[in-house]
Amino acid sequence: MSLKGAGGMDVSFLLREVEEGRQNAWRSYLFCGLMGIAPVVMLLFRKTAAALVVLGLWLLYYLVLVRQDGKKYAAAFLRGNLLASLSPLVEGVEYHGKAGIPREELLADRLLPIREGNSCITFHRVTGKYGGRALELCDVSFQLAEPDEQNRPRFFSGCWVRIRLERPTGRQLRLVSGDLALPSSLTPWYGAEGLSPAPLGQERAGRVFSSWRREGTPGLGETVPDLAAGLWEERELPLAMGLEEDRLVFFLPRRFLAPGEPPVRFPVSQSVLCQSPLPELEGILKVAAACEKLAEKTS
């Protein structure tokens, strides 16, 4: 029986694809392990020359075949996991491979004072749609332009989320939780972007976030800050949010689309394949919907 997610994704097909890659990788690792016994036995029988030849063949086999099969399985698992876990929320989910959002586009979001150059690296771009809104995600590692209070460089890694709303909101603002960066280190940079410190007017969100807004533009009201605060409180995960007219951007440290190479010894279950690497996405999409309601009120 075919198992389909809410977004129409055939999970059973993805499971078969991932399992095929896992079995190939497991057979390669198993044979490599057995092959590694041969030179040890030869050394016990003082056949040093033959043992060195077999050891060289073993190393070649590992580098050329075993590692490649492991990488293919990891890639199949990553693609299957993203498609299976995100499709219930996102329409037309597509994984574009190891390359992430182009660095220039990410810097153009102006969400945080990221140091330009090779200190900003992106990986694993995913696209789709939610209620007509274009969605784009990737993993990112970067260095902030300014050091911390002890003059140490600050590095962050996590997930970058971009949503294109269906209409401009008339708002330009940033929200950053206090456990991500101190307001004093961000205010000068935001000031150069034309944004000034502005209270949220919402007690719950005010305890979590510092905010900056372009002068003369309206605030976020009650719902959006409340949803953003709930997103933080759910897991106490640092986050930054930026709203620039119809472009909504989030950065969540310590969240990654790529979970690393999965174990090859045991089959992958449906529950494992469908486990979301970004459980906060549903909350982020609710924030996006609330931002669009702001746009309706403005118009």
Side-chain angles (χ1 to χ4, degrees), residues 101 105-116 120 133-136 140 142 144-146 148-149 154 156 158-234 236-253 280 283-299:
I101 297 171
E105 293 183 20
L106 188 140
L107 292 172
D109 288 336
R110 312 303 288 172
L111 177 60
L112 291 166
I114 298 174
R115 184 177 179 182
E116 298 187 15
C120 178
R133 310 174 190 100
L135 176 70
E136 194 171 19
V140 59
F142 59 84
L144 289 187
E146 298 296 329
D148 65 9
E149 292 71 28
R154 291 180 291 176
F156 290 97
C159 187
W160 199 272
V161 183
R162 311 169 83 197
I163 302 174
R164 181 69 71 174
L165 305 179
E166 291 188 292
R167 59 179 64 86
T169 62
R171 275 110 175 140
Q172 297 92 36
L173 52 88
R174 308 290 184 270
L175 270 64
V176 181
S177 62
D179 49 359
L180 179 64
L182 293 175
S184 58
S185 66
L186 299 175
T187 296
W189 187 80
Y190 285 138
E193 296 292 314
L195 305 173
S196 303
L200 286 170
Q202 214 266 19
E203 184 179 353
R204 181 188 182 194
R207 291 194 301 266
V208 177
F209 298 106
S210 297
S211 63
W212 295 262
R213 188 172 77 229
R214 190 174 300 278
E215 188 176 351
T217 61
L220 287 173
E222 292 284 331
T223 304
V224 173
D226 189 65
L227 289 171
L231 192 61
W232 180 89
E233 290 170 354
E234 185 177 354
E236 293 192 2
L237 188 72
L239 65 89
M241 168 187 151
L243 179 59
E244 193 73 22
E245 292 293 353
D246 63 345
R247 188 173 71 247
L248 179 65
V249 183
F250 277 86
F251 171 65
L252 294 91
E280 295 80 8
I284 290 173
L285 296 176
K286 289 179 180 178
V287 173
C291 287
E292 289 215 323
K293 289 183 179 179
L294 289 176
E296 293 173 2
K297 292 178 181 178
T298 302
S299 59

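Values below: every heavy atom of this structure, side chains too, minus hydrogens, waters and symmetry copies.
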**OP:** Can you see which heavy atom on Leu165 is nearest to which on Ala288, and at what distance?
**Re:** CD2-O, 3.8 Å
Original post:
Glu166 and Arg133: which non-hydrogen atoms are nearest, and at how many Å?
Top reply: CG-CG, 4.2 Å
**OP:** Report yes or no: does Glu244 contribute a side-chain atom to a donor-acceptor pair with the main-chain N or O of Gln172 at less than 3.5 Å?
**Re:** no
Original post:
Any side-chain heavy atom of Thr223 sitting closer than 4.5 Å to one from Lys293?
Top reply: no
Original post:
To the nearest 0.5 Å, how far apart are CG in Leu294 and CZ in Arg167?
Top reply: 11.5 Å
**OP:** Please examine the side chains of Leu106 and Ile114, heavy atoms only from C-beta on, and report whether any two atoms are closer than 4.5 Å.
**Re:** yes
Original post:
Closest approach of Trp189 and Leu112, non-hydrogen atoms and distance?
Top reply: CH2-O, 3.4 Å
Subject >> Glu116, CD: over 12 other non-hydrogen atoms inside 6.0 angstrom >> reply: no
Original post:
Can you tell me how far the OG1 atom of Thr169 sits from the CD atom of Glu245, to the nearest 0.5 Å?
Top reply: 5.5 Å
**OP:** Report, as yes or no, whether the 6.0 Å neighbourhood of atom CZ on Arg204 holds more than 12 heavy atoms from other residues, nucleotides or ligands.
**Re:** yes
Original post:
Phe251 vs Phe156 aromatic rings, parallel, tilted or perpendicular, using cut-offs 30° and 60°?
Top reply: perpendicular
**OP:** Kindly give the heavy-atom pair with the smallest separation between Leu200 and Ala205, and that separation in Å.
**Re:** CD1-CB, 3.7 Å
Original post:
Roughly how far, to the nearest 0.5 Å, is OH of Tyr190 from CZ of Arg110?
Top reply: 10.5 Å
Subject >> Audit row: Val224, Met241, side-chain contact (heavy atoms from CB on, under 4.5 Å) steps and yes/no >> reply: CA-CA 11 Å; Val224 173; Met241 168 187 151; 3.9 Å; yes
**OP:** Considering non-hydrogen atoms only, spot the tightest contact between Leu231 and Gly283 and give its length.
**Re:** CD1-CA, 4.0 Å
Original post:
So does Glu193 pair up with Arg174, basic N to acidic O under 4.0 Å?
Top reply: no
Subject >> Any Ile163 side-chain heavy atom under 4.5 Å of Val287 side chain >> reply: no
**OP:** Would you name the heavy atoms of Pro218 and Leu173 that are closest together and state the gap between them?
**Re:** O-CD2, 4.5 Å
Subject >> Short N-O contact, Arg164 and Asp246, less than 4.0 angstrom >> reply: yes
Subject >> Spacing of CG belonging to Leu180 relative to CG belonging to Leu144, to within rounding of 0.5 Å >> reply: 7.5 Å
Original post:
Nearest 0.5 Å, what's the CG-SG distance between Leu239 and Cys159?
Top reply: 12.0 Å
**OP:** Could you grab the distance from atom CG of Leu248 to atom CG of Leu285, nearest 0.5 Å is fine?
**Re:** 9.5 Å
Subject >> Heavy-atom side-chain proximity of Leu186 to Ser210 below 4.5 angstrom >> reply: no
Original post:
Is Leu220 close to Leu243 at the side-chain level, that is, under 4.5 Å between some pair of heavy atoms?
Top reply: yes
**OP:** Would you indicate whether the side-chain heavy atoms of Leu175 and Val208 approach each other to under 4.5 Å?
**Re:** no
